[in-house]
Amino acid sequence: MRNQTSIPFEDATLISASVLDIGKRVSGQSLLIEEIGDYIPGSVMVQDLVGMTNNYMNKQGCEILRHSKEELFTMGSGYFRKFFPEDEVRFLTGKFHQFISERDYNKVFSFFQRVRPDESEEYKWYLTTSRLIPVLSETDIPDVMHISVDVQSLPVAGKHIRNLGHDNSYQIKYYHKFNLLSKREKEIIISICQGFSSLEISDRLFISIHTVNNHRKNILTKLEISSLAQLIRFAVAFGLVE
């Protein structure tokens, strides 16, 4: 399959190495894919290629495909026919059979593929990196974990995936707290980290200063932090600021 998009080699290599590391942690159960899947900047899925079912899909993947993870699971093999070009599915099926038969759990398989949510839209290119999830018995067929990244966002996504693969303890600790924040609270965190005062934030977001101060209190309570330095670290870890 030919790649139609120019991608820096180092970006693809870094993502592949990071996916291998994340996969090892998932396999060793030091990470649960359900806990970190929605934080990874890309579509994250776990597939049973024997039963041809999509056993897990993170929030971003569901949004791209415009289906819930339950709907994707019940599609069975129809999942592959619906979202991907038929000729590419045939090509990759053979490659995956070979990849699975090797049972090399220290190896990743990376490839470019086209995806679209329905026939009314054009295909978009993604870089997908896959890794086998070890099984207890040699007679069992391992599932495959994939992480797919839109090639247009590859440099930024690669940075976040690399950080997650190399040091994920902070993200895991605060991931559920991050999900507690509202969209407005995230906007205020960004403004605080950029050095704006409550009055300036009030003017920027067209809300009262009383509302801004209430949001600030709620943010500190939800995150259980007490200093600006801690807030900045949190914002950087979850990609709210650089």
Side-chain angles (χ1 to χ4, degrees), residues 1-5 7 9 11-29 31-34 36-37 40-58 60-62 64-65 67 69-117 123-151 154 157-158 161 165:
M1 192 183 329
R2 298 172 65 89
N3 170 27
Q4 303 297 321
T5 310
I7 297 298
F9 175 76
D11 289 332
T13 301
L14 284 170
I15 287 181
S16 296
S18 300
V19 171
L20 180 61
D21 186 50
I22 291 170
K24 287 181 178 179
R25 299 183 188 209
V26 170
S27 300
Q29 296 185 339
L31 283 181
L32 294 177
I33 194 63
E34 293 82 2
I36 65 165
I40 295 174
S43 300
V44 182
M45 63 218 82
V46 176
Q47 292 176 339
D48 173 359
L49 296 182
V50 177
M52 296 296 282
T53 55
N54 204 79
N55 292 343
Y56 170 81
M57 178 73 74
N58 72 342
Q60 183 169 332
C62 290
I64 290 171
L65 299 179
H67 286 76
K69 58 185 178 183
E70 292 79 14
E71 290 171 335
L72 295 172
F73 174 79
T74 58
M75 285 182 186
S77 60
Y79 165 87
F80 300 94
R81 295 191 298 272
K82 181 174 179 60
F83 303 111
F84 312 97
E86 186 177 347
D87 59 337
E88 292 180 15
V89 171
R90 286 198 301 268
F91 174 84
L92 289 171
T93 297
K95 293 290 185 181
F96 267 109
H97 284 162
Q98 179 180 348
F99 179 58
I100 292 173
S101 68
E102 293 174 359
R103 287 182 179 259
D104 187 345
Y105 299 115
N106 294 308
K107 180 179 179 181
V108 294
F109 174 42
S110 296
F111 56 94
F112 291 95
Q113 65 178 154
R114 292 178 295 158
V115 182
R116 65 181 181 185
Y123 284 108
K124 292 179 65 175
W125 281 101
Y126 287 79
L127 171 66
T128 298
T129 301
S130 307
R131 185 187 187 278
L132 299 180
I133 299 177
V135 290
L136 297 177
S137 171
E138 284 299 313
T139 60
D140 295 331
I141 304 299
D143 288 346
V144 183
M145 182 184 76
H146 311 278
I147 296 179
S148 295
V149 178
D150 182 342
V151 296
L154 190 58
I161 292 175

How many angstroms lie between [atom1] in [X] and [atom2] in [Y], if you round to the nearest 0.5 Å?
X: Thr53; Y: Asp143; atom1: OG1; atom2: CG; answer: 7.5 Å
X: His67; Y: Phe83; atom1: NE2; atom2: CZ; answer: 5.0 Å
X: Lys69; Y: Asn55; atom1: NZ; atom2: CG; answer: 11.5 Å
X: Lys82; Y: Leu72; atom1: NZ; atom2: CG; answer: 10.0 Å
X: Lys95; Y: Arg90; atom1: NZ; atom2: CZ; answer: 15.0 Å
X: Ile64; Y: Met57; atom1: CD1; atom2: CE; answer: 8.5 Å

Between [X] and [Y], is there a donor-acceptor pair closer than 3.5 Å when you use the side chain of the first and the backbone of the second?
X: Asp87; Y: Val89; answer: no
X: Arg131; Y: Tyr105; answer: yes
X: Glu88; Y: Arg114; answer: yes

Student check: side-chain heavy atoms of [X] and [Y] closer than 4.5 Å:
X: Glu71; Y: Cys62; value: no
X: Ile133; Y: Pro142; value: no
X: Asn54; Y: Met75; value: no

My understanding is that only one of Phe99, Phe84, Phe91, Phe96 makes a ring pair (Phe, Tyr, Trp, His ring centres under 6.0 Å) with Phe111; could you say which?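 Single pass found, and it is Phe96.
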Might you point out which heavy atoms bring [X] and [Y] nearest each other, and give the distance in Å?
X: Ser43; Y: Gly61; value: OG-CA, 3.4 Å
X: Asp104; Y: Leu132; value: N-CD1, 4.1 Å
X: Ser130; Y: Val144; value: CB-CG1, 3.8 Å

Surrounding CD of Glu102 (heavy atoms of other residues, nucleotides or ligands, distance under 6.0 Å), is the total greater than 12?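 Enclosed: over 12 neighbouring heavy atoms sit under 6.0 Å from CD of Glu102.
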Check the pair Tyr79 / Gln47 against side-chain contact (heavy atoms from CB on, under 4.5 Å), numbers first and verdict last. CA-CA 11 Å; Tyr79 165 87; Gln47 292 176 339; 3.2 Å; yes
Could you work out, with salt bridge (Lys or Arg N to Asp or Glu O under 4.0 Å) as the rule, every residue matching Glu70, not counting sequence neighbours?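 None.
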